[in-house]
Every structure is written in C-alpha cells, then in structure tokens.
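Since the structure comes first, as structure tokens, the remarks are kept for the end.
In the text below, chain A, chain B and the rest are named by the order of the sequence lines, each starting its count at 1.
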Amino acid sequence: MNGSPKDTPAPGRPLESSAGTRSSPRAVFPLIFEQSRAGRRAWSLPEPGVPNGDGSLDELVPKEYRRTSPPQLPEVSERDLVGHYTRLSQRNWAIDVGAYPLGSCTMKYNPKIAEEVAALKGFAGLHPLADDELVQGALELLATLEQALCTATGMARLTFQPAAGAQGELTGLLIMRAWHEARNDKRRRVIIPDSAHGTNPASVTLAGYQAQEVPSDRRGLVDLDALRDVLDEDVAGLMLTNPNTLGLFERDIQEIASAVHESGGLLYYDGANFNSIVGVVRPGDMGFDIVHMNLHKTFATPHGGGGPGSGPLAVSEKLERFLPAPVLAYDEVTQRWRWDEDRPDSIGRIHSFHGNFGINVRAYAYLRSLGPEGLRKVAEHAVLNANYLRALIGESFPTAYEGMCMHEFVSTAKGLKKHGVRAMDVAKRLIDFGYHPPTVYFPLVVEEALMIEPTETESKETIDGLAAALNEIAREAAEDPDILHAAPVTTPVRRPDEARAARNLRVRWHPE
Amino acid sequence: MNGSPKDTPAPGRPLESSAGTRSSPRAVFPLIFEQSRAGRRAWSLPEPGVPNGDGSLDELVPKEYRRTSPPQLPEVSERDLVGHYTRLSQRNWAIDVGAYPLGSCTMKYNPKIAEEVAALKGFAGLHPLADDELVQGALELLATLEQALCTATGMARLTFQPAAGAQGELTGLLIMRAWHEARNDKRRRVIIPDSAHGTNPASVTLAGYQAQEVPSDRRGLVDLDALRDVLDEDVAGLMLTNPNTLGLFERDIQEIASAVHESGGLLYYDGANFNSIVGVVRPGDMGFDIVHMNLHKTFATPHGGGGPGSGPLAVSEKLERFLPAPVLAYDEVTQRWRWDEDRPDSIGRIHSFHGNFGINVRAYAYLRSLGPEGLRKVAEHAVLNANYLRALIGESFPTAYEGMCMHEFVSTAKGLKKHGVRAMDVAKRLIDFGYHPPTVYFPLVVEEALMIEPTETESKETIDGLAAALNEIAREAAEDPDILHAAPVTTPVRRPDEARAARNLRVRWHPE
Amino acid sequence: MDFLPHTEEDDRAMLEAVGLESLADLFEGIPSDVRLDYPLGIPPALSEPELLDHLAALAGRFAADDSLCFAGGGVYDHHVPAAVRALASRAEFATSYTPYQPELSQGVLQALFEFQTAVCAIYGLEVANASLYDGAHSVVEAVNLALRTTGRARVVAGATVHPHYRQVLQTYTSALGVEVLTAPYDAAGTVDWTAVDMTGAGAVVAASPNVFGCLEDVGAATSAAHADGALAIVVSDPTSTGLLASPGELGADVAVGEGQGLGSPMAYGGPGVGLFATGLEHVRQVPGRIAGETVDADGLRSYVLTLQAREQHIRRARAASNVCTNQTLLAIAAGIHLCWLGPEGLRRLGEVCVTRTAYAARVLGRLPGCRIRFPGPHFKELTLETPIAADDLARRLAGRGFVIGPGLGRWFEDLSNCLLVAVTERRTTQQIDALGEALEKELAEG
Amino acid sequence: MDFLPHTEEDDRAMLEAVGLESLADLFEGIPSDVRLDYPLGIPPALSEPELLDHLAALAGRFAADDSLCFAGGGVYDHHVPAAVRALASRAEFATSYTPYQPELSQGVLQALFEFQTAVCAIYGLEVANASLYDGAHSVVEAVNLALRTTGRARVVAGATVHPHYRQVLQTYTSALGVEVLTAPYDAAGTVDWTAVDMTGAGAVVAASPNVFGCLEDVGAATSAAHADGALAIVVSDPTSTGLLASPGELGADVAVGEGQGLGSPMAYGGPGVGLFATGLEHVRQVPGRIAGETVDADGLRSYVLTLQAREQHIRRARAASNVCTNQTLLAIAAGIHLCWLGPEGLRRLGEVCVTRTAYAARVLGRLPGCRIRFPGPHFKELTLETPIAADDLARRLAGRGFVIGPGLGRWFEDLSNCLLVAVTERRTTQQIDALGEALEKELAEG
Ligand SMILES: Cc1ncc(COP(=O)(O)O)c(C=O)c1O
Ligand SMILES: Cc1ncc(COP(=O)(O)O)c(C=O)c1O
C-alpha cells in the first residue's frame, strides 16, 4: 500500500473513484479479483447436515466427475463486496441519475412501483413448470396484458416468449416463412429500408432469407417507386419501423402496404418506435401483419444496463396458428387459464420457458397505471418533446430532413466539420454539461448523425437545459474546438481507446 | 436556463453534481423546492369514491377547521423526484461507500440480510396495538433478543422502549432515582468522568440530578482518589463507559464499583463502547447495575444518516421492578407471550409504543448470524484493528495515553501545530485520500484530538491504506501545509462556513 | 457468518505488528477474574438461508398476514409510495452516520433541510428540527421548551391527547417537579378549552385530530393558553395538514406530531419519527439537530448542522435536550413523501381519509346496538361503541381478518365498549362493507 | 398516473415554440383515415394503491405461496443472497442503457468484465460474452458458432439435454437447413457417447448434470465429437462447477448454461441469463456483447464494449447473431453472486446440493412402489418413479404444499410415471422428510 498523493483522484475524477482506489496510482479502479485474499469469505451457507449421512462425497460423486483445481473466483468479505459494487454503480449513468436522450432507445422513467410488484412472491417465486392450477393469477395477468397489447397494435394474438425485440423479429420472420410455406410459396427475399436497425437484416439472415435494402428518398421515407421495383413473387415481406429510424412517419404506409400485399408479401412492424404512436394509430390499421414490441422501451421497464427486455410478437388472425407453442387458452367450463401445447402448425418454442415474465409483470403495472388516456398522452408528449427540442437546436444542429418529427429526430453535426469537430466530440462534450449523449453515427444514412430521443418523461426545463448545452457546444466548436476534443473532463475515464481494446484483446482478468 | 460553461462542474466536483445542476452556475445543487412547477405531480392516489357519498367535504369538515392556503410543498414529477434524491444520495458518504473510522460511532458493516428480514410483512406490517395473540412471532423474537442481550451484559431484564442510547441513559437514571426513592434515600448528584460523552451529563440533568465530573489521571483513566473524594451519601451513582471514550479499559473497575456501592450509589454502564468487550467481559460482572446498549453500534444496524437507533436498557435483578411498563411475560398455561402492563413500581412509559422494533429485528438478525463465537471474534478484531492502526501511525500521530487501546484510540495532532496545521486540516485532507475522517476535537480532554475507531469489519488492506494516507498527510503538513489548508479538493463543497450558518440563520427554504 | 475480513494470516501479521502472541493477549488490561473463559450462552449462529427461514417463520406467525388493518391509535396503515421506499432506502442514506463532516454529507444535510422546509410548510411555522424519536418525545421536548421559556412548572394537557404521549410526558417530567394537569373531554369527545383553568401553566397541549379521531377547536386552546401566558403546543397528524388548518394558523407556538404515516411502515410502532416545529423566536431552545444553509470556501451554497451550541455534545449538562441519535432516515422518507404528495396530493390524501371515514361511520354506526360515540367531525378515525367489550370484539374480528382497535377501555374506564376504527386511503369502501358484515356477524353471535 | 411532467402551461408554451395549436396537430403526418379517434379499449388507469392491491391479489392467487419448491427441470429455488439482491438492484445498474458511452458506463462495463472473468473461471475457458437470453438461446448460438466454424450442417444433441433447449434449437435452425439428430439415453439415464454416430456433425451437444439430474461422461462426448471433427458443446449448471469438473477441463469447445440459479429469482422462468464461454480461437465468432479492457486518453485502465464488428449494428446481415438487448442485469447479479461465493462457497453449494439430493433419494426411493429411476450420480435433481401418473401426483402434492416436478411424460413417453425432484441448498432434511410423508400419504390413497 502506498499513500502517495497520486492516490488522490486527479481533478475531475468523482469522489467515489477515490474512495474505491486507496492503493494504486492515478485512481485506477480495482477489480474485485484484485481484492481477493485466500481464506476470506462473504458466503454464508448451511452445513450439508444430513443425519447419518449417505456416505462421503467421494462415494456420491466419484473423483472422475470432480473438479481438480478450484475455479479462480475472488475471496472477499461481504463488506468489501458491497463497497466495491456500490462504488462501481456510482461510476455509471442511469435514468435515475439524469437525462438519457439516446435515439431509438426510449430511455424514459421506469416507475418504482413496477419493481415492487414484480418482486411479490406470487410472481418472483413462481416455478415455470408449476401446474397451471397453481399460477392462475400469473396467467390472468399475461392474458390481460396480451389482450391489451393486441388492442393497442390491432393484432389478434401474441406470444410473450421473445426475450427482446431481436428475438421477436426472428419469431415474426419464422412465422412469415411458415405462412408462405403453408401455401407452398417459396420466397427468398425480405425487404428492409436502408435506415433499418441492424437487428432487422441480422434476423432476416437467421430466418433463412436474404435481406434487400430499399433506399430512402429525399424525404427520408421509403422510396415508393424503388420499393415497387424490388417487389416480386420472390419477396416474402417488408420489415418496417414506423415512425422510421429517422423519426419520420412513413406517410405512404397504406400504399406501401398494398404494394407489398399485392406482391404476395407480408408486412412486419418493428415496434421499437411504438412509443410515438401508441393510442394514436395501430400497426394493424396501417396494414401490418406482424408486430413486435419492445416492452423495455414503450412500456417503461428498466433496461438493466443492456437487458433484460421483453419483445412480445403479435400477429393478425391469419397467422395465429403459427405462433410459438404454448399459447394461453381459457377453459370456459373450469373457468381456468391454461397453456395450450397442442399447436400443430406452430413454428415451435423460441424460449426456454415463457419469456421474460418478470419484465412482463412490470409492463402490465405500467399499462394499468396509465390506462387508455395515459397511453395516448405518452405518444403526444414524446412527440411534443422531440419537436420542441428540435426547434430549439435547429440552427446549431439542423435535422437531416424537413418537417415535423415524431418521438425522435436525427440532426447532423457536419456543419462543425470545418472546425475539425465530429459528432462524437459533441457527444463527449455534452457529458460535461451533465447529460448523456444522444446516439451518434446512426442511422448510417445521415452524415455525422446525432439521433435524439428525449422521451415524454423529461420536463420542459430539462429539454431547455439540454438545448442550451447543445447550442453552447456549437459555439465552443466554432470558437475553441479543442475544448470539445479534450472532452469529457468530468468523468472517471476519458475516451477509452476502443481500437486498442480490439487489438490487444483482454476480455477477462488474469493475474499478471 | 443557460448553458454557459460555468454549468460544467468545477474540477473536482463529482460527476453527479454536474448531472444535478444543469441550470445554475458553479454547480449549485438545486433544492427540490426550486424544481417545483404548478400543476406537476408525482402523487397517485385513489378518488374518494364513496357510493352515494355522505355529503360534500364542506359538510364533513366545516370551513372553520379547514386550511385557507395550501402548504408550500413542491410540485414535481415522480421522475424528477427520483432523479433529485438519487443524485443527492450520491453526494453522501456511507459505510457502503467506504471506510468510516469515526471514533465512538462504531461504523461497521450493516448486513443486507437484516434489511431484508426487517421488511417482511410479518414485522414491518404489524400494528403496535394489535392483540398480543396476533403478534406471537414478534414477541418471541423480542423475548429471545432480550434474553441474549441480558446474557451478554450480565443483567436480569431489559426494556426495548428507548429509541437510542441517550433515551436509554435517561431511562436508566430514572430507574436509579426510583430505586433510591423507594428506599427514601434522597440523593442529588451523579458522577461522570470528564471524558464522558455529552449525552451523559445532559441525561443526568433531565433526570433531575446534578452532574459532577471527576478528572482522568495521567493514564487517561478515572482518578480513583479523586473519585473517592467526591463519593458521599448524596451521590446517586456513577456513569461510566468502559472502555472509556479514550478507548482505554478502566482497569480499576472493580475498585471503582465497590467504592460507588459502598457509598450507596449505583453503577451505570454506557454501552456505546460495548463492541470492544462483547463476549469477553460482562458489565454485570464488572459490578454495573444498569446498562444501555446502542444496537446501532455494537449490533450493526444502519445508522441512517443520524438515526434511527435502538438503546435497550438492561438492569440487575434488584432494579427489575422499576423498568418502564409494559414488559414481556410468558404465560406457561397458554404458552403465549404477552405484554404485562401491571407494573406498580414502574417508572412509566418512555416511548409511544415498543421502541424501534424494526431496528431490534435487524439486531436480532445480526445476533443470530454471529452466535456466541462470532460475537467474541467481533470484540477481538475490533481491538486488533485499532491497535494495529495505532501502531502504524504512532509516529505521525502519537496517542494521548500509553499502552494498548481497546476498539478505538485518541491520537493528537498537536505536533503539527508548529506548521500551522490543526486536527481539522488533517481530517479534511484525509477526505481527499478517500477516507471518512475520524472524530475530531473529542474528547475535549485531549488537545487536537483525532479519535479513531476502525471497527472490525475493515480489512488489513483498508487499515494499511488509511495509515499510509495519514502518514503521508503528516509529511505534507511539514513540507507543504497549504495542501492541508486547501483540502478537501475532491468533494462537492469545501469547508462550509459554520459560523455564517449560525449568524445568518437559514433553516428552511423560502423563495427569494 | 461474522462478517469479518480477517484471514489467519492477517491475524498473525497484525498481532506481530502490535507485538502480541494471541488474540487473547489483546484483553490483558482487563482483570482476569472478570474475563469470560466460556462462550456466551446465546443461540448458535445460523447461515443466511437458515436465518431467512427462521425469521420468515417468526414473521409468518403474524396471524393476520393478509388481514386488513383498521387499527388506529397513533400508528396507521398508510400507503408508502414505491418511489419513497426506493429512495429512502438508498445505501448512501441508510448506511451513513450523522453528518458531522459536511463535505461528505451534503446528501443527508440537504435532504434534512428539505424535510425541515416541508414540515414548516405543513405546520405553518418557521423552524423545524431534523426529527425526534416519536410523537411522544416531541410532546415532551415541546413542553420542556415551553417551561424553560415561561419559567413555569405546570402543564395542562387535554385528556384527548394520545394517552401514551401523556404517560411519556409524565415519566420525563416526574424527576423535574413538573405538575401535569389533564383537561377532561366533554360529551363531544373534545376538550372545551374555554372552560379549562390554566392558571400558572407554562405549557398547554391540545391535539386535533384527537385520540377519538375528532377535530378540536385548537384556536380556543391556543388563545386560552396565551391569555394565561402559557405556550400552546398542538399535536397535529401531518397527513391531515393538506386539508385542515395548520397549527401555525391556529396560534400554536409549537406543533408536534408522529410522522410514521409519511413514508414509513407501521413496524409494530417503531421506528417512526417525531416532528417538531416552532417559531423563529424559539430557535435557540429547539431540541436536537438542525440543518442550516451556508456557503463553502468557494461561496457555493452548502448545508451544515447549525446552532450546535444548543446540543449535548457542546453544552453538555446545560443542553436543551439529551437527544443525539434521532430518526433521520425516517425524516428523509417523510420529506420525500411530502414532496411526492405536494399540496394537491396532501389535500387528496385528507379528502380520501375524511370521506371514507364518514362512509365507515355510516356503515358501522347503523348496525344493531352500535353508535359512533362522538359526533366528530372526524379525520381518519372514529370511536365505535358496540354492545360487546371492545377488546374481545377486536380479538374476534381479528379472527375474521380485520386488525382493529384498540379498545379504549385501557385508557378510559367509561369507554370499555368503545373501539377505535381507522380508515386510511388504503381502505376501500368494499373493505369497509366487508368489515360491516363481519361486525354484523359478531353482533349476531352476541 | 401517466408519469408526465407536462403542465398545461408547458404544453401551451412548447406547442407555440413548434408552431402548433394542439397536441392533435402533432400527428398530422399520419393519414387521417388510420388515426384513432377513440381511446384504446384497454383497462382503465389505477392509482398506485389500487394497482398495488390489484397486483397483490393476482400474486396472491399463487395457490402455493408458502409452499416448498422441489421443482426442477431448468429453473431452481436457490438462495439469493441479500447482498447480491441489494447490489444488483442499485438504480445505477437497473435503469441504465447498454454501455455505448464508456465514460458514463464504467460501472456496468467493469461489472460485466468481472462477470465474464467469473464465467471463464467456472467453465474453465478463455472468453465469455456479456450474456444471452437464456440457456436455450446459449445452446442455439453455440451450435451456430460450431456450424459456421466447421462449415457443416448437422448437429447431434443428447436426448438428455433439456428438451426445451432442443426444441428451441429446432425452431432456430429450421429455416437454415440444419439437421438435428438426437442421441438416445440408456438405462442409466445418460447417453453412451461412445456409441453415437457423429458422421458429418459440426456440433455435438451434451449436458451434465443432464435433464434427469444425472452426471454424464462429458469427456467421452467431447473426444467423440473431436474425433469426427465436430465442436463439442457442453451444457453445464453453473451452480455445480465448484464441485464438478469444468467443461473446459473435459474438452468442451463451448460451454453454455442457464445462470438463473446465480442471484435471480425463478420468476416463472424469466428473466434468467444465458451463459456462454469458449476458447480464444473462437472469439470472433462469439455472439453478443463482450466487455474488454483498454486504457483511456490518460492511460488509465478502462473498459469498453469490444469486437463490435461481430455484432448486428455493424455487420448487419452478416452478423454473428441478431442479439442486441441481452440479460445484462442478471449477468451482473450472477457475477456478484459468484464473487459472494468464491471458490469455497461454490464448492459448499455443490456439496449441500449433492448430499441432500442423496438424502432425498434415500427417503423417497424406499417408499412403496417408488424407485429412483436412474442410478446417478446426481447433482441436485433426481428422477423419481412412482405408481401414480406423474402429473397427477405433482398436482396432488401441490395440494399438500409442495411444488414438484415436472412429470417427465410430457417429454418422454416411456417416463410418464417419472417425476423430477430438485433439492437445492434451501431445502432442509426436515423438509425432505415432510415431502416423504406427504408422498407416502398420496401413495396410500393410490
Ligand atoms: C429500431 C429497432 N429495432 C430493433 C431493436 C432491437 O430490439 P432489442 O434490443 O430489444 O433486441 C432496436 C433496439 O435498439 C431498435 O431500436
Ligand atoms: C459514549 C457514548 N455515549 C452515548 C451516546 C449516545 O447514544 P445515542 O446517539 O444512540 O443517543 C454515544 C453516541 O454517539 C456515545 O458515543
């Protein structure tokens, strides 16, 4: 141990990083593995304690099955474990810490009541293979949530199995495939807009299809003519998020839908942006046949640093029979809910059990606390906040496309290039002003993209402050771009070297 | 709103303070009241919703009883409320954040399991006036805890009513008084050592006694001769904490006890330092008649930023009848626990109900997870840690008195005075090294006192780091004292002006 | 599990550093004849899963786990908002000590400053402290303040002030030669303050809503007190202050109350939080901690514990009070809860309590042999008289899943058939109907 | 409660700033004939107290609230340490997004790096990802990796691999022309891997402990796989790795498993966490996110998401997988849980499971008409054969307060009288005895 002044955090390092790093220079934050001392323990478990035991462990588990050397896990006290992860948590941004305007991610407030109810033993303590009779409350919750989500999307039935949006996409595409195959209609391509989220093409490939991109037109919308050109009897369907990734509503959606349907394809709705239209317009009414939702976006379940989510997949009546088995069924006679496994046309199971039930409980709590009027207000204010912010920063960061946006918009920082400033510099500098940056360099179709989604739970004051900061940063870029290049200065680390991370790969700790 | 660069936190301000203060210059952290906007709400409560209502509110509560103007509480969204208090919490040190070696405070690790069990509905949901029959589990817990604590202190019975140590002191002194009065023995003085904690003399006064101080001798112990001089038939008793506030064990305790007893007085044990002797020696065996414990110290219940605590008061058999009513009683016939209110000699009730039950549940969980061997180890390692640290910093900060200490020790920084450095400067500088400072300027009998209690849950590495930091600070004091005068530099605020706070008194917010 | 980090090697190295052989040597300073040479006779250690089972079993013996709580008498089954629970239990608040080092304690200090501001707002007064132990303790400290200020030694307390508060006041003042007189209640279940003799009183204590759930003419109490040169202390339920006139408006010199209903579970009566507010002229007599605003070395707004000269650790034997550890964490929760409510929510809370209590009065009052003993107006509690001994009835209703009471016989001989019934915002009209039916059944069985 | 901060004044001012009259105008871009002019037909809003009552009522319908869980089959009633629960639920972890901005995400990134290190340690491999959806998904991605690597299109999976995992594998691969063959189990309830034909297989999937709770000769599986040029995928219960040989030691190319037992409640089967580890040579084929170490602009150690070129947001249609959102929060919990256990605790965990499962085998196996269908060795689960149809028996035992099963008939025709019985460290021998008595009663009733 040394207590040299280098121990004190460099200026701008948060206090907690100094708390965490008594020992090593320049406030390196130690790993829990580096705090290990042989013989220390946090664990507290009972003795095996079997009366007149059943022979020794060696008899029960012969040596050939046994581990030869113990796993290299740290040995720490519970006190040090708690200190480590508490300080570590303080080195992380979160919705509960401040604004999080990440485009396409819908980082809205996650109600605390949802956490409380999800922890009830009657939900958290349920075994997934318990007899249906034991879990009627859980099944009723799921049934009510299914009905509400189908109502909101204009679909007939859904499955809760997909653990996230991407898994919902694959599920939907496999259903698309099953539908065509059931009609002995072999098709090989699925169309996606060039602005589509990466999971769309990736899911298309996984579903055994080829992804074909259609360009956006100058409006940032699907180019109808270009679409018509690529549509033929080899096209299984079109994947679309509406509003699209640019935050623009595909106003030609009905023409798009009929064009796709006429060519014998199906329309897939990527629900990641559902937040901006819930209660206002339903995918089903726009002509979509298949819809996934990201409950961890529109329905405010916490994102957990990258997950868990929940990506229920809903379909129109004609596709119902293909849904993954089992589906919920109500027995009028016994007045009981049960899982119906007898689904001959099902594409099969997509999750180990029933999907991320705990997340669905939270989404249900959110849905029930808002009700129909509340949900519509969500869409209204998500769109209001986005357009308001867009108006406030329009001069510094013009949007790539004209006209009103929906819940998010894509600005460009290319105007700052002449000062040698990139979108990433703007993002990093924004951190110093106390905001999480927007999504940068996505979608790829926009140069120096800043994709901003304030969400409806941010107040006017927050958006005013965010706009003031962005405008100020634009001014700094012109007058003193190095401020931006040096940013951020208020964080525990600054501009970690990602290239080096990939070059000298270190993906786990091991003692030097 | 303005986004001027002054918004960005000054160097050394933690990130979260920047997150919290988008709006105002120099990272002033706003008050929740300053974020209020008329019409905003976090609350969510049902409609009164009474079928064919019972007349209007005005009929139910006539105007003369009604409020004329609404209370000036803030109107904020739940999202902003959560953001505010989350960021605010990050501006606070805590055991879970790092080391907290405050002398006399026993800031040890607070086990998480205790929080979990205290939240069980069968404990947290109990109404204090519910029929005893309904709460047998809670009563059994209290009875077991009472027995264990009496065993550990060598007392006969105790009351859980005192909410903290100071209330335990008053309870004990009132019992002392009742005992003397029952023997028609009017006495007016209670003796305390000059190193006693402030609550001791304050409680003595509240109990209608005069506090008389006895000096410590060069050993830092009660001066036996001085004590004998003041003992007479007017002395109701002696209050002592052993080990005393200097962290020294009163080795003459038996002589002290007999001297007090011979003069007809009683011996009161202030249990704030019980942590260092639990399982090693019992106050009862030392001759004490009355004992309070601070369960929020020795029994590891969280201190909550200043409370709640729990200060059960235990007494020897001869004082049992004076305990506050009710006390627990077991009915052999019905095999039920009940509250016995029929206590004619009781000093009366000292708490609205049964004391801080929720804290007692936590203390019980701690007691049961340690068991007898664990408790003794606690004392051993509390004393080991203190003496180890003392040895490591002895040259920089000599202890005021010689010899081994118990769970804490008092060092002096007077050696640094020649560099113009005070104990407070050392404390503030220690913050920059990532440690909470020790207690300073207490006890008053030691010049430039640094009262240090590492507690047993801190590891050797933590103590090594703390020692290294203190030694380094002593070096800085000699070479560059201004570093200490400028400290701390890593905190959201630096050296708030306490004199000014008392001068221009602002004890609540009101709009300018 | 002892939560110790020490390995055998650590013990060895550290003992060596202090020049000792064994851990036992650490206690050589203790006379050997009192040192224990055997382990304490307390229950053995349990591993965490065993501990959980054991305590779940004890908690499970709460015979009314899914019962409905209509019990009152000072602690109430109010809704604790999930956000309040989540925020107040943040480890940085829960595991921190008293904020003596302001640089590391701005979180707790500002939260307390906000709590004090909220308490001043609801009570209509100018200064509040950072909490006391509970409602009873707040009454005691208020009386001490009043007696110190007036130099008198007599207290007049309404019989309708919670009996436990009066008992604790008795205990605290017993040693100080203070005389505590009780002003009787009338047929309306309230004190006729215009008729009370207050000669020589330094403190007058009135409660509204009172122990019977009735609102009292607090204004009469405060003016009578002032007429005789006493200070007026008003016990006020904070959950009622969105709807009802604040103690300050009604002339209270000190307002006190139990804050459990704001963000804390019932927890068998503790921890709760004692609220205490008064006028600025009394600030130097206020007991306990006070967070105050100041500026730091850079002129930045900051918070500290202020006027510490009042407190025991400075003034020792002459301190305003002996309180040290208080109920900070519950004060923080109460402050957050009040901010969650805001003026509108606090009003709504009162509205729901009043309206549903009135509904309960109608449903229960018309049952055979039953009557609402006192006319009210009621806030969230009422006194129900039935033909059955109240404590028996409470026990019998518990069997039907209702925690109710207490019977008032324990406090007032003449009310042994009277039962307290509390109705918070958590109790629905359907639940009240269910209580009515259960009570009807019990009455039928006689 | 809609959680919106907007006051009417805010709406007005913001609408004006964007040049609109009303909120409805915001949606003018949407063709009017599809716009809704009525509220959605979904249940009405509930206030927080009402919502709490409503959901508590639904949760309360869990007919076995204080039942004992002996159910197995992929999800288990393990003890979640209080410290792990408290830390993983810290708001900074729970309410953060994917760590795309490393400066603001060192907490999650380092926690994931530590999780990856712990997973490598228990599985005896070199690289782990930041989690997948669940055990089934991990198997799928492992197979995809193997098939991509070997350029083959055939999979051989043991019949003793969890049937749901095999079903999900079937679903995922159906569209890709992959052939999934099943290797049958023998009388011992294990696959005789020396006898399996693996010609042309690119991936071999073996499980130990397997779906019957038996340990399999994993070494035989991996060497047979390698002999035929296939990659060996081993499904391993992480809670067994303190005691049992790691997949890495036994030659696995990819180790996968369900991590629910490490720090997460059963939650009706989700969210859990899919574990995935392999050798460094396969790192560029690893699906999902990976946290990696690097240095920042000041040379300070830091963590980032690395090798993102594998992922869908960069490589799009040619990505290694389509996974984006994963199960990070549960991965963090699992990582913390493994650090809470350490090598000793993980070993103790296994020891308790093994010993008590053996005890259960003895207690249940000797009941009339009952036998332990497969000899084992067992880890924490066994297959109990009785004279009663397994699903009926499970239902009947539920009536006696035991959640048990599932019956194996749903997966294996020939095992319709077989029931899975799982014994974790939370089940005491007394509870096992109680289960025995309950079963005895049911058997008596026939
Ligand atoms: C437009 C879009 N589609 C799909 C996804 C994938 O959803 P998930 O991350 O839940 O798998 C996302 C998530 O960021 C998205 O923004
Ligand atoms: C020696 C001593 N006595 C008494 C007390 C008072 O205990 P409490 O704060 O629980 O009232 C303390 C608390 O700091 C103390 O250290």
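- Per-residue heavy-atom pair counts under 4.5 Å with chain A were compared for D/C339, D/A13, D/A111, D/C120, and the maximum is reached by D/C339.
- Note: D/Y268 leads D/F93, D/F3, D/F113, D/Y268 in heavy-atom pairs under 4.5 Å with chain A.
- Both the backbone and the side chain of D/P99 have a heavy atom closer than 4.5 Å to some heavy atom of chain A.
- Heavy-atom distances place both the backbone and the side chain of D/S246 under 4.5 Å from chain A.
- With a 4.5 angstrom heavy-atom cutoff, D/R90 touches chain A only via side-chain atoms.
- In this structure, the portions of D/I122 lying under 4.5 Å from any heavy atom of chain A include both its backbone and its side chain.
- Contact annotation for D/L349: both backbone and side-chain heavy atoms come within less than 4.5 Å of a heavy atom of chain A.
- Contacts between D/Q170 and chain A at a heavy-atom distance below 4.5 Å are absent for every atom of the residue.
- Of the atoms belonging to D/D11, heavy atoms from both backbone and side chain fall under 4.5 Å from chain A.
- Highest contact tally toward chain D, considering only A/L102, A/V76, A/T86, A/L81, is held by A/L81 [criterion: heavy-atom pairs under 4.5 Å].
- Neither the backbone nor the side chain of D/A394 has a heavy atom closer than 4.5 Å to any heavy atom of chain A.
- Note: D/Y97 and A/Y100 have perpendicular aromatic rings, judged against thresholds of 30 and 60 degrees for the angle between ring planes.
- Heavy-atom pairs under 4.5 Å with chain A were tallied for D/R318, D/E351, D/H313; the largest tally goes to D/E351.
- Both the backbone and the side chain of D/T241 come within contact range of chain A, judged by heavy atoms closer than 4.5 Å.
- Ranked by non-hydrogen atom pairs under 4.5 Å with chain A, the options D/P265, D/A94, D/P39 are led by D/A94.
- Using the six-membered ring where Trp is involved, A/H197 and A/F442 have ring planes that are perpendicular, over 60° apart on the 30 and 60° scheme.
- A donor-acceptor pair is defined here as one N or O able to donate and one able to accept, closer than 3.5 Å; no such pair exists between the side chain of D/R356 and the backbone of D/T429.
- The part of D/V304 that comes within reach of chain A is its side chain, from C-beta onward, which places non-hydrogen atoms under 4.5 angstrom from that chain.
- With a threshold of 4.5 angstrom between heavy atoms, A/N294 does not approach chain D through any atom at all.
- For a residue to count as touching a neighbouring chain, one of its non-hydrogen atoms must lie under 4.5 Å from one of that chain's; by this rule D/E311 does not touch chain A.
- For a residue to count as touching a neighbouring chain, one of its non-hydrogen atoms must lie under 4.5 Å from one of that chain's; by this rule D/R315 does not touch chain A.
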